Amino acid sequence: MIRVAEITIGAFPGQGAYSPGCLESMLTDNHVRQVVDEIDGIATRMLGRGLKDTVLLTSPPTADELLSDAPDVLQVAAFATSVALHQLLCRHGAEITLLVGHSLGEISALVAGEALTVAEGTEVLCHRILALREHDTSGGRMLALSCGRDRAEQILALLRDGDAVVAVDNGPKQTTVSGTPDALTRIEAIAAAIGVQGTPLLAPHPFHNPLLQEARADFARRIAGVRARDLRTPVYSPILGRYYRAGEELGPLLASHFVTPVHFGDSVRRLSDAGARIWVELGAGRTLTNLARSIDSSTLALVPLAGRTNSVSEVAAFLRPAAAPVPPAVHEAAPLSVGAPVAGPAHVPVPGVVPVSAPSAAATATPAAAVPDREEIATRIRQLYARILEYPEEVFEDPAELEADLGVDSVKQTEMFAQVAEAFGLGMRPDGFRVADYPTFGAVVDFVHRSAPPMPSPAPAPVSAPPVMPAQVTPAQAPVDAPAPAAVVPDREEIATRIRQLYARILEYPEEVFEDAAELEADLGVDSVKQTEMFAQVAEAFGLGMRPDGFRVADYPTFGAVVGFVCAALDGAEVAVR
């Protein structure tokens, strides 16, 4: 059967993704109704008009009518539909690996990824609308051209002024331009003369255009100080060309959307190269899934709200990890062979995507193996945490909050969790794993107690001092060669080989991608939290003990820098921060 372990993209459409009745159809779920009520209340308070007096009527308006009579609510309706649909699918057990927003849809994606709460996302959206209300006097709009970016730029070059720009590169079959009404009229005429179709979009402003520079500045001012929370699901931005990061200030980033183009086509290609084969349209219609299929014909497109094609329940059932049903009918779906997984290259990493590694047969077949009891596990983790943090062991009681009570930030918790996982041979963390879900010492112990594989008897001795090597190498760990005797420091090539093997196992990449010059984030897509976890496993494998004061993973951005750090540490030299 088809496995949903393949990368599944949740795609959040932007401006104009509205269809009468779509939002109302989901309100039979009480939780979704509460979410929509919250969005409606904030929108009504901030904008003077909300959903209940416009789109949630017995006879809701069409998209054209809404654009004409209540263009601001058109944006709120698209946002509410996306957020409600994502929550409904998740409540039905669907698992989505990555989230991608298209323009306005990035705010919806940030809410779905839990970087913003529903209330925060709605307020950000309303401030966006208010900034546009006050500062966009251009009267501009947007026009979709049925051609690639190069041809669209040739058409724009025929204009004598710069009142129109390429706003969105949606791939080889569609490019969107934005500009003043006069400029778009001339562009549409030129396009028609050379056989390129132009379609006006449901957009009340010329988005992704320098015409909105004043609105950009005001929007940034309005949401200054808004920061991304820890993301439960990674969110990729086709505008920024990267993933959003926990803790970063969102004001300048979201405001830059007004004047920065969307590179959706490039984003689809990158995600496809990373193994993405399933795209779910998290909004009304099927615009983004159609675009994804136009770029990668192997895409399996799921469209829960597009009429008879799929339903929410069918899509959710297909995306449940515990089952692998025959996929529901999909629009223009490529032929799919039931019984074979959706295949795709896996050499390009995607932050946050951690395939589950099943325990090896050896890990469960040892006759004398036994799962340690909870108290033994707690004692060993207590000793390990006390050594790492240099705290007395007695502070690590079950109710102790690692951050609130003990001052351990999320990055340090990630590093500590990695060392615990290594010590107990837990292998890869499950999909959706978040350190933030285990805020207390007791929660960490419970996780290990549930997850630890049987251990040979007698159990390894508790960790009481920085080890030269891990106390035990279980079958779940990497096949890393044993170190040379303590008196002999491995040469750089040996160190690089062992780290290369370890990183290749963790990320499931071919070893050859780990060259000295490879940027872990920029080239290989490994975010800072994952780098911290990997660095912890390297330190454990080489017995480096505590990291030096002021150590930051960000100071070692390349594979070669990591190797250099280990070499210097093993030589006993002072490690310079680069």
Side-chain angles (χ1 to χ4, degrees), residues 11-27 35-86 101-111 118 121-144 167-168 176 178 181 184 199-209 211-212 215 219 254 257-258 262 281-288 305-306:
F12 293 80
Q15 182 70 47
Y18 164 80
S19 181
C22 272
L23 182 57
E24 187 175 13
S25 69
M26 296 183 282
L27 299 185
V35 169
V36 173
D37 284 347
E38 183 175 21
I39 295 172
D40 175 71
I42 295 171
T44 301
R45 170 173 56 83
M46 293 184 67
L47 304 178
R49 198 168 184 182
L51 301 169
K52 292 181 180 177
D53 58 356
T54 50
V55 301
L56 297 179
L57 301 174
T58 304
S59 298
T62 66
D64 287 332
E65 290 170 340
L66 202 55
L67 179 63
S68 175
D69 299 335
D72 294 344
V73 179
L74 182 62
Q75 299 181 60
V76 179
F79 169 80
T81 301
S82 288
V83 170
L85 177 56
H86 178 265
H102 192 285
S103 191
L104 169 68
E106 289 198 19
I107 301 176
S108 311
L110 288 168
V111 171
V118 172
T122 307
E123 289 177 355
V124 166
L125 172 64
C126 290
H127 281 302
R128 180 183 193 267
I129 292 169
L130 291 171
L132 290 164
R133 268 190 195 176
E134 184 172 345
H135 296 283
D136 179 25
T137 58
S138 68
R141 292 289 188 269
M142 304 184 77
L143 180 73
V168 185
T176 298
S178 69
L184 294 188
T199 304
L201 299 183
L202 292 169
H205 304 281
F207 292 107
H208 314 292
N209 190 312
L211 291 170
L212 298 183
F219 183 33
L254 294 177
H257 292 189
F258 282 174
V262 180
E281 188 95 26
L282 292 174
R286 59 184 70 194
T287 299
L288 298 188
L305 298 182

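Given the structure is predicted, the values throughout are model-derived calculations rather than measurements. What you see below is based on every heavy atom in this structure, not just the backbone, and it leaves out hydrogens, waters and symmetry mates. Count residues from 1 along the sequence.
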Take D72 and R133, measure what side-chain contact (heavy atoms from CB on, under 4.5 Å) needs, and give me the verdict at the end. CA-CA 9 Å; D72 294 344; R133 268 190 195 176; 2.6 Å; yes
Between L202 and Y18, is a side-chain contact (heavy atoms from CB on, under 4.5 Å) present by the stated rule, with each step listed? CA-CA 9 Å; L202 292 169; Y18 164 80; over 6 Å; no
Intermediate values then yes/no, side-chain contact (heavy atoms from CB on, under 4.5 Å), H102 and V262: CA-CA 8 Å; H102 192 285; V262 180; 4.3 Å; yes
E281 vs T287, side-chain contact (heavy atoms from CB on, under 4.5 Å): CA-CA, chis, key distance, verdict: CA-CA 8 Å; E281 188 95 26; T287 299; 4.3 Å; yes
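With a 4.5 Å cut-off on side-chain heavy atoms, D40 and L56 do not count as touching. Side-chain atoms of S138 and H205, non-hydrogen and from C-beta on, never get closer than 4.5 Å to each other.
Annotation: ring pair (Phe, Tyr, Trp, His ring centres under 6.0 Å) contacts of F219 (sequence neighbours excluded): F258. Residues that satisfy the side chain to side chain donor-acceptor pair (under 3.5 Å) test with D37, not counting sequence neighbours, are K52. Not counting sequence neighbours, H208 has no partner by the ring pair (Phe, Tyr, Trp, His ring centres under 6.0 Å) test.
Across every non-hydrogen atom of L104 and A78, the tightest pair is CD2-CB, 4.4 Å. Of all heavy-atom pairs spanning G283 and L85, the tightest one is N-CD2, 3.5 Å. Scanning both residues, S178 and M142, for their nearest heavy atoms gives CB-CG, 3.9 Å. Residues D136 and P206 come closest through the heavy atom pair OD2-CD, 3.4 Å. Of all heavy-atom pairs between V73 and T54, the closest is CG1-OG1, 3.2 Å. Across all their heavy atoms, G121 and V111 have their closest contact at CA-CG2, 3.7 Å.
A distance of 10.0 Å separates CG in L125 from CD1 in I42, rounded to the nearest 0.5 Å.
Remark: the backbone N or O of E65 is not paired with any side-chain donor or acceptor of S68 at under 3.5 angstrom.
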